[in-house]
Amino acid sequence: MLNPKFLIVRKIKLKKIIFTAFLTIILPSSLIFGWGDKGHKLISAFAMRQLPAQMKFSDEFKAAIIAHSVDPDNRKRDDKTEGPKHFIDIDYYKEFSDGMVIMSRDTLIKLYGEQVVIKEGILPWATELTYFNLMNAFKQKDKDKVLLYSSDLAHYVADGHQPLHATINYNGQLTDQKGVHARYEIDMIDNYLFVIEKSADDQSPYYVNSIPSFIFDYIVGSNSYVEMLLSADKFASKKTDGKYDKEYYRLLWFKTKYMTITSINSAALSLSSLIYSAWVDAGKPVFEN
Ligand SMILES: [Zn+2]
């Protein structure tokens, strides 16, 4: 008889294989998952450590924000409007190739139509709206809403720092690299999480003056990593003859380690800075949590 522990491991492995295959074969942009659950929770945990003591967030409250930072991905199943909030194909817009970013959603709608703007993703505006909702929740000292919007903000900010959430070639489908999305953000991140966990650089959050430019700046920054990531995937799969085995992930990590650790730490700092700024904008309220 097989050892039950072995069966559980096999079951988990099988589930992972089916899930990865699902991501590889049919991956509409609304079903891509940011950093995977573990990555999202790690970014949130890094950010919680950075919040200043004067905000008086209890450890329990911080743990709840970390746990709920994956909720927006789960929400996609029941809420069809949720998917486009997790990405923006910023290089879809022709102004981008001229070195310009149109930050106004209304202007983009005028130029491209509402359907296109939704289809190409509304991550920056979903992030901005969540920021203002959080600020109002702070003003009302509404603990449940502060938890909800801090967790949502944690999610959207982290997605905005994942390069493949900021490009039209989000799954390598335009460069014959299908499946790179899950290979990078789930399989590679899961394999090397133990290294990333030790990489927290514990910076101090700062006050953000202009929320829209801040959000668009990090999204453009994420987009600038796309080519590096895709070339790392090409390098690794060429060396392993297209086999996505242990060696492939070692090589992908070798080429993207610096970029990944930088993105994760910068996501954490952006998040702690936005939560801190929403709190300052609300008049620095202290409430039971
Ligand atoms: Zn997401």
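In each ligand, atom 1 is the first atom listed, and ligand 1 is the first ligand listed. The model shown is predicted, which means the values in this text are computed figures rather than measured ones.
For D73, the N/O/S atom at the shortest distance from the Zn ion (ligand 1) is named OD1. Among heteroatoms of the N, O or S kind in D159, OD2 lies nearest the Zn ion (ligand 1). When the Zn ion (ligand 1) is compared with the N/O/S atoms of H86, atom ND1 turns out nearest.
For residue H155, an N/O/S atom approaches the Zn ion (ligand 1) to within less than 2.8 Å.
Between H155 and H68, the gap from one ring centroid to the other reaches at least 6.0 Å.
With a 4.5 Å cut-off on side-chain heavy atoms, F138 and D281 do not count as touching.
Taking Y258 as the reference, T262 meet the side-chain contact (heavy atoms from CB on, under 4.5 Å) condition, with sequence neighbours excluded.
The cationic atom of R183 (NZ for Lys, CZ for Arg) does not lie both less than 6.0 Å from the six-membered ring centre of Y249 and within 45° of the ring axis.
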